[in-house]
Amino acid sequence: MVKVKSVVLGSLENNCYLLTDEKTGKSALIDCTDASAPMTDMIGGAKLEYILLTHGHFDHIGGVAEIKKKYGAKVVIGSGDEKMLSSGKLSLAAYCGEHQSDTEADSIVSDGDVLRLGETEIKVMATPGHTKGGVCYIADDVIFTGDTLFFCSCGRTDFPGGSFSEIKESLRRLASLKKNYKLYPGHDRESTLEFEKKNNPYMR
């Protein structure tokens with residue numbers, strides 16, 4: 001079993017999540033907008049094993065370097081987005097007036113990879129479209145969808161590396177999942193997969 005805590009951070013109101021394996025107390029941070037007090041308060045005394053990044057845009061990686069140094073967690077990102085961690089241009093930070101503390105990934109994951117968090121398996125689903133290396137993380141009955149799938153919407157595809165045809169295929173793959181997962185997106189409210197299948201125009 002897992003439990004999930006969340007905090008909303010930054011000017012773009014990003015959702016960052018702390019996923020914890022209840023049996024062992026080992027935790028993973030999903031996306032890391034900054035290293036502010038609300039972020040460290042959410043982490044608290046957790047045994048932070050991973051920083052799992054859904055993609056490499058600046059508003060999802062801004063606190064990675066500092067949180068990695070503070071907690072010793074391993075940074076994980078999808079194949080294709082890893083260079084964003086060390087390039088403000090690729091992460092779009094440079095175009096939005098944001099300072100980026102460069103870092104690098106400890107692990108680059110691809111579709112079908114599995115990470116162990118205590119007794120919990122975290123499955124990686126490649127979901128390109130918003131970025132080339134965008135991924136979703138699936139654990140128990142929850143999916144962290146990043147900027148791929150939102151409440152009744154989906155991520156923008158007009159940034160470099162974006163593709164509407166790719167995000168539509170990624171949404172089709174998510175829609176093919178049979179379980180009614182709880183969805184934790186990178187922005188906006190939580191949802192469920194069944195609700196999105198019925199109501200999200202981009203999943204039809």
Side-chain angles (χ1 to χ4, degrees), residues 1-9 13-33 42 46 48-57 59-60 76-81 107 109-157 164 166-204:
M1 296 289 292
V2 298
K3 61 180 179 180
V4 179
K5 296 199 300 185
S6 65
V7 65
V8 179
L9 297 170
E13 297 186 332
N14 287 72
N15 298 322
C16 298
Y17 302 98
L18 187 72
L19 172 71
T20 300
D21 173 68
E22 290 192 301
K23 190 72 178 276
T24 64
K26 293 183 178 181
S27 298
L29 183 65
I30 292 87
D31 289 336
C32 187
T33 298
M42 179 178 73
L48 196 65
E49 299 275 307
Y50 299 110
I51 302 171
L52 305 178
L53 301 173
T54 59
H55 64 289
H57 283 155
D59 54 319
H60 293 255
V76 179
I77 197 167
S79 177
D81 278 12
S107 181
V109 291
S110 300
D111 188 60
D113 286 349
V114 176
L115 302 167
R116 298 288 309 185
L117 183 70
E119 297 189 1
T120 298
E121 284 191 348
I122 303 173
K123 299 176 183 178
V124 178
M125 176 184 281
T127 52
H130 183 63
T131 66
K132 287 295 183 186
V135 298
C136 293
Y137 296 102
I138 305 172
D140 283 358
D141 60 351
V142 304
I143 305 178
F144 300 95
T145 61
D147 286 7
T148 296
L149 175 59
F150 298 135
F151 176 81
C152 287
S153 188
C154 69
R156 293 175 59 169
T157 59
F164 186 68
E166 286 186 346
I167 207 167
K168 284 287 286 183
E169 174 60 19
S170 294
L171 294 172
R172 186 199 65 76
R173 289 188 66 206
L174 284 166
S176 72
L177 298 175
K178 304 304 181 186
K179 198 171 180 179
N180 185 23
Y181 290 93
K182 186 166 186 178
L183 305 180
Y184 292 102
H187 303 270
D188 205 358
R189 72 190 80 174
E190 300 165 9
S191 189
T192 67
L193 189 57
E194 286 301 321
F195 180 89
E196 296 306 317
K197 287 181 184 181
K198 294 176 182 177
N199 298 284
N200 191 325
Y202 297 98
M203 295 194 84
R204 296 174 187 163

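Throughout, residue positions are numbered sequentially from 1 according to the sequence presented.
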Within a 6.0 Å radius of atom [atom1] on [X], are there more than 12 heavy atoms belonging to other residues, nucleotides or ligands?
X      : atom1 : answer
Lys5   : NZ    : yes
Lys23  : NZ    : no
Lys123 : NZ    : no

Output all residues satisfying side-chain hydrogen bond (donor to acceptor under 3.5 Å, both in side chains) with [X], sequence neighbours left out; order by chain, then residue number.
X      : answer
Glu13  : none
Ser191 : Glu196
Ser170 : none
Thr192 : none

Heavy-atom check, side chain of [X] versus side chain of [Y], under 4.5 Å:
X      : Y      : result
Leu29  : Leu52  : no
Thr127 : Leu149 : no
Leu174 : Leu183 : no
Leu177 : Met125 : yes
Asn15  : Ser6   : no

Shortest non-hydrogen contact from [X] to [Y]?
X      : Y      : value
Phe150 : Gly186 : CE2-N, 4.2 Å
Leu18  : Met42  : CD2-O, 3.5 Å
Ser27  : Ala46  : OG-CB, 3.6 Å
Asn180 : Glu194 : OD1-N, 2.9 Å
Ala139 : Leu19  : CB-CD2, 4.0 Å

Could you give the distance from [atom1] ([X]) to [atom2] ([Y]), rounded to the nearest 0.5 Å?
X      : Y      : atom1 : atom2 : value
Leu53  : Ser107 : CG    : OG    : 11.0 Å
Asp188 : Glu190 : CG    : CD    : 10.5 Å
Ile30  : Ile122 : CD1   : CD1   : 6.5 Å
Thr145 : Ile138 : OG1   : CD1   : 10.5 Å
Cys154 : Ile167 : SG    : CD1   : 4.5 Å
Lys198 : Leu193 : NZ    : CG    : 11.0 Å

**OP:** Please identify each residue that fulfils side chain to side chain contact (heavy atoms under 4.5 Å, CB included) with Ala126, with sequence neighbours left out.
**Re:**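 Side chain to side chain contact (heavy atoms under 4.5 Å, CB included) check on Ala126 returns Asp111, Pro128.
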
Side-chain donor or acceptor of [X] paired with backbone N/O of [Y] under 3.5 Å:
X      : Y      : result
Asp81  : His55  : no
Asp21  : Val2   : no
His130 : Thr157 : no
Thr33  : Asp59  : yes

Counterpart residues, salt bridge (Lys or Arg N to Asp or Glu O under 4.0 Å), relative to [X] (two or more places apart):
X      : value
Arg116 : Glu121
Glu169 : Arg172
Lys168 : none
Lys132 : Glu166

**OP:** Just grab all the salt bridge (charged side-chain N to carboxylate O under 4.0 Å, His left out) pairs involving residues 136-152, residues at least two apart or on different chains.
**Re:** none

**OP:** Could you check His60 against Thr54 for side-chain contact (heavy atoms from CB on, under 4.5 Å), going step by step and ending with a plain yes or no?
**Re:** CA-CA 8 Å; His60 293 255; Thr54 59; 3.9 Å; yes

Original post:
Who pairs with Tyr184 by ring pair (Phe, Tyr, Trp, His ring centres under 6.0 Å), at least two apart in sequence or on another chain?
Top reply: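 By the ring pair (Phe, Tyr, Trp, His ring centres under 6.0 Å) rule, Tyr184 matches Tyr17, Phe144.
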
Original post:
Can you list the residues that meet the ring pair (Phe, Tyr, Trp, His ring centres under 6.0 Å) rule with Phe151, with sequence neighbours excluded?
Top reply: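 Phe151: ring pair (Phe, Tyr, Trp, His ring centres under 6.0 Å) contacts with Phe195.
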
**OP:** Applying side-chain contact (heavy atoms from CB on, under 4.5 Å), run through Val76 and Leu115 and close with a yes or a no.
**Re:** CA-CA 10 Å; Val76 179; Leu115 302 167; 4.2 Å; yes

